[in-house]
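Some notes on the structure that comes next.
None of these values were measured; they are calculated from a predicted model. Just so it is clear, the values below take in all heavy atoms, side chains as well, and ignore hydrogens, waters and symmetry mates.
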Amino acid sequence: MGNVNLPTPVVIAAGVFVFAGGYLTGAVTGWDSPDRTSATVSSYDGGSHRLCLHGDAVSELDGAKGDTICGQWRRVEGSAVPAEGDTFRFVSSLHKGQSGSADDRITIFGEVAD
């Protein structure tokens, strides 16, 4: 086999084509990211980091009871502490327990909306 020398513009064009193809493939077949939901803070316990939120969009989330969801709040350091009545943007995650729904855990990742 011999060496193949291609002009620089051809190599650059091929690289762009491969990158664009990979990006489009990932965009079409990749995982969906969770949608952020907004709700109103109904209660927050700073000692246990238990946060309860309510709103119309909450009723469709896993682990919600009616239009309320309660769970362990995980936050970025320096985030504002939620107070009752604050608007809260979040993503929730339900971790199924081994003994049924009694030991399910809900984790809420989010922050107080400005």
Side-chain angles (χ1 to χ4, degrees):
M1 265 209 197
N3 289 337
V4 176
N5 293 322
L6 295 173
T8 302
V10 172
V11 172
I12 292 172
V16 168
F17 180 73
V18 169
F19 178 76
Y23 175 79
L24 289 174
T25 300
V28 171
T29 63
W31 292 311
D32 291 333
S33 61
D35 293 329
R36 285 192 109 170
T37 304
S38 290
T40 303
V41 176
S42 56
S43 66
Y44 173 65
D45 178 6
S48 66
H49 299 288
R50 182 165 176 80
L51 177 65
C52 291
L53 306 167
H54 68 88
D56 293 336
V58 172
S59 62
E60 298 175 11
L61 300 175
D62 289 338
K65 292 181 171 69
D67 64 350
T68 302
I69 190 167
C70 294
Q72 184 78 22
W73 179 41
R74 302 287 184 192
R75 67 185 182 119
V76 175
E77 190 172 326
S79 296
V81 176
E84 187 174 336
D86 285 345
T87 300
F88 200 83
R89 287 187 317 236
F90 71 99
V91 174
S92 64
S93 174
L94 173 67
H95 305 279
K96 293 279 190 184
Q98 294 181 356
S99 301
S101 63
D103 63 345
D104 287 351
R105 291 180 301 135
I106 297 172
T107 306
I108 298 172
F109 304 92
E111 61 190 0
V112 176
D114 294 331

Task: Asp62: side chain to side chain donor-acceptor pair (under 3.5 Å) partners, not counting sequence neighbours - done: none
Open item on the list: Quick check: is Tyr44 connected to Phe109 through a chain of hydrophobic side chains (ILVMFWY, heavy atoms under 4.5 Å apart)?
Closed with: no
Task: disulfide (SG to SG under 2.5 Å) pairs, two or more places apart, involving residues 57-96 - done: Cys52-Cys70
- [ ] Using side chain to side chain donor-acceptor pair (under 3.5 Å) as the criterion, list what pairs up with Thr8, not counting sequence neighbours.
- [x] none
Task: Nearest-0.5 Å distance that lies between atom CG in Asp56 and atom OG1 in Thr40 - done: 9.5 Å
TODO: Write out all pairs satisfying salt bridge (Lys or Arg N to Asp or Glu O under 4.0 Å) with one or both partners inside residues 73-95, taking only residues at least two apart or from two chains.
DONE: Arg89-Glu111
- [ ] Taking all heavy atoms of Trp73 and all of Ala80, pick out the closest pair and write down the distance.
- [x] CH2-O, 3.6 Å
Open item on the list: If you compare all heavy atoms of Gly63 against all heavy atoms of Ile106, which two are closest, and at what distance to 0.1 Å?
Closed with: O-CD1, 3.5 Å
Task: Pairwise side-chain contact, Val41 with Leu53, heavy-atom cut-off 4.5 Å (strictly under) - done: yes
Task: Least distance between heavy atoms, Leu51 atom then Ile108 atom - done: O-CD1, 3.7 Å
Task: With Pro9 via side chain to side chain contact (heavy atoms under 4.5 Å, CB included) - residues at least two apart - done: Pro7
TODO: Please report the shortest heavy-atom distance between Gly110 and Phe88, naming the atom on each side.
DONE: C-CZ, 3.5 Å
Task: side chain to side chain donor-acceptor pair (under 3.5 Å) partners for Ser38, two or more places apart - done: none
Open item on the list: Let me confirm one number: the CZ-OG distance from Arg105 to Ser93, rounded to the nearest 0.5 Å.
Closed with: 9.0 Å
- [ ] Please report the shortest heavy-atom distance between Ala39 and Val58, naming the atom on each side.
- [x] CB-CG2, 3.6 Å
